[in-house]
Amino acid sequence: MGLEMTALLAVQDLHVSYRSRGGIAFQALTGVSFQLMPGEILGVLGESGSGKSTLAASLLRLLPEHGQITKGSVLFEGKDILQAGSVELQGIRGSRISLIFQEPSLALHPTMRAGEQVRQVLAAHESLPKRVLKEKTRQVLATVFPEEEGRISHSYPHQLSGGQRQRVLIAQSIACGPSLIIADEPTASLDPTTQMEILGVFQSLREKLDLAMIFITHNPALLAGFADRVLVLYGGRIVEVGAAATVLASPQHPYTKALFRSVPRPLERPRNGEKVKLPAIPGDSLPSSLPSEGCPFEPRCADRMDLCRKREPELIRIGGTQAVSCFKFES
Amino acid sequence: MQPLLNVENLVKRYDGKRLVALQDELSALDGVSFSLFPATTLAVVGESGSGKSTLALCLACLEPPTAGCIWLEGKNLVALGEAERRKVRPQIQLIFQDPANSLNPRWNVLEILTEPLRLQGKFNSEGIERRASCLLEQVGLSMHIATRSPAELSGGQRQRLAIARALAPGPKLLILDEALSALDCSVQAQIANLLMELQTSLGMTYLFITHDLAMGVHIADEIAVMHQGRIVELGPAEKIVTSPHHEMTRQLLAATPSIAQATRLAREP
């Protein structure tokens, strides 16, 4: 018998709903289950309203007041985060699991030097002598700025570029040696060359520190060559999941297929200068346009059948790693 | 055919003392020249800080250039007096990245749309209403949403509204500064298609500023690659991808993530 790896994170049947002012509940996540292995990069792909940011917040129990986890479990390193007490939770947040947001200029304190901002994260979680704290801060910053740690440490956020600010956030997130980083659109505000640079930083951290990562994005192209596995969310449900290479190269769910088709492919442009339209998905994915019954993608789906309006498809395994929730694959 | 817009040797320098910069002077635009023909699209691509947005501000007469000429149908916008420029301004409209920030949150859709129509002073109240409903239809929105506030619209609907408002004064040139960048992929495709439709039906001319080279190549006839305030490469969109000349263009191409590449990678294990 081979060694069986235990999952770092196991999310089981997660349901999250939001109450509006009128008291009406809106189901943001429905029956989301997945596992994450140590050192694995999981790309969560979804558009506005898909529930991807709700997922990030739920895993650390950081939902806003009107949000509620109604069902499910989140096992992290053997502990159920949803059952953890507040002291235990503080020990996990920022220390074992870190969160990185989209806009680094909003996440950093504008009038505090970068080094100090990293030091404060360490000081908040570990009580260390001053000297040790200083040395550790230097080491952490040097991991993401091998050549210019000193200069960055003494800089204020406004003196840094977007990419450098994002690196400071990454330094904060790895300061306490977490085993999981959740990054919610961490590169969305950066230009493409900086975007690639930051993805490179994440990959090298994974190799050096064996970090697992949940990388949330709306851009499928970013996950190519970066994520190990891809999980596609639509209307708060997993519609497709599998090895990144497989899902990106041969998507099976009608939504994933349509989404990938709507992304421009510059190399396939006709040579005669003619411009062609993109095959866009009609309609939108706003909560108000989701059907109350059946498959959430049914109103926009090109392959819809009568059955799709009656009940919801379950996630069906269709290959070694790939699973799809669509009646086309039900036998 | 005469170009709609002719930019000659445009220079914009910012005084370093007023910035928190290390140098005395910052050249945001350093001798930019290009022509833009009616009913065509020029995509301006480049990294942050390459001068793309400064170019947009200068063309829209929101920043005075330090030197150079901007010819719009034979008139040099830089040399015009304020009264003359006021008459020309409606012909160039600007659309920004985030419609949530560029639309008045306290107004409803109809108020946002009718303001530029009222300012023109060309229509009576009935005419304004008719024109507003026609504009909404042109961008794929219906009068049903007329009383909603921007916060009650989706990102795509908001950007459609921003386009409708930009069309209201009857412009000849639309400058789109990262107008698709904040949207979801599937919504980007919808809005890109809308822009192409409007180009066909209204003969609209676009200056499409973006850091997304893939979308730039898709939507534009010509691409201008900017680097440190200069245009370092300018040519037909399909040529830029197949035979890039400048190092910056090659870097941007290399950094453009694509699903097509992923497909190839997966097929070649």
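Chain identifiers are assigned alphabetically (A, B, ...) following the order of the sequence lines, protein sequences preceding nucleic acid strands; residue numbering begins at 1 within each chain. These figures come from a predicted structure and were not determined experimentally.
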(request) State, to 0.1 Å, how close B/Q190 and A/G283 come at their nearest heavy-atom pair, and which atoms those are. (result) NE2-O, 2.9 Å

(message) Counting C-beta onward and ignoring hydrogens, is there a side-chain heavy-atom pair between B/S186 and A/R300 closer than 4.5 Å?
(response) yes

[X] [atom1]: over 12 foreign heavy atoms closer than 6.0 Å:
X      : atom1 : value
A/R237 : CZ    : yes
B/E137 : CD    : no
A/H154 : NE2   : no

(request) Go through the steps for A/L278 and B/M215 under the test side-chain contact (heavy atoms from CB on, under 4.5 Å), then give the verdict. (result) CA-CA 10 Å; A/L278 287 167; B/M215 187 55 93; 4.1 Å; yes

Part of [X] lying under 4.5 Å from any heavy atom of chain A:
X      : answer
B/A214 : both
B/L213 : neither
B/A220 : backbone
B/I219 : backbone

Between [options], the one whose heavy-atom pairs under 4.5 Å with chain B are most numerous:
options                : answer
A/E47, A/Q195, A/E197  : A/E47
A/L199, A/V276, A/L223 : A/V276
A/S48, A/A243, A/S161  : A/S48

(message) Quick check for you: to the nearest 0.5 Å, what is the distance between B/D184 atom CG and A/S285 atom OG?
(response) 6.5 Å

(message) If I take atom OG1 from residue A/T194 and atom NE2 from residue B/H211, how far apart are they, to the nearest 0.5 angstrom?
(response) 9.5 Å

(message) One pair to check against side chain to side chain donor-acceptor pair (under 3.5 Å): B/Q251 and A/T193. What are the steps and the verdict?
(response) CA-CA 8 Å; B/Q251 273 184 31; A/T193 31; 5.8 Å; no

(message) Checking B/Q199 against A/K275 for the side-chain contact (heavy atoms from CB on, under 4.5 Å) test, could you report, in this order, the C-alpha distance in whole Å, the side-chain angles of both residues, the deciding distance, and whether it holds?
(response) CA-CA 11 Å; B/Q199 187 157 61; A/K275 289 190 270 184; 2.9 Å; yes

(message) Assess, by modelled atom type and distance only, whether the side chains of A/D284 and B/S154 contain a donor and an acceptor separated by less than 3.5 Å.
(response) no

(request) Go through the steps for A/L259 and B/C185 under the test side-chain contact (heavy atoms from CB on, under 4.5 Å), then give the verdict. (result) CA-CA 7 Å; A/L259 178 67; B/C185 288; 4.0 Å; yes

(message) Is A/L190 in contact with chain B via its backbone, its side chain, both, or neither, using a 4.5 Å heavy-atom distance?
(response) backbone

(message) Please check this pair: side chain of B/N193 against backbone of A/K277, looking for a donor-acceptor N/O pair closer than 3.5 Å.
(response) no

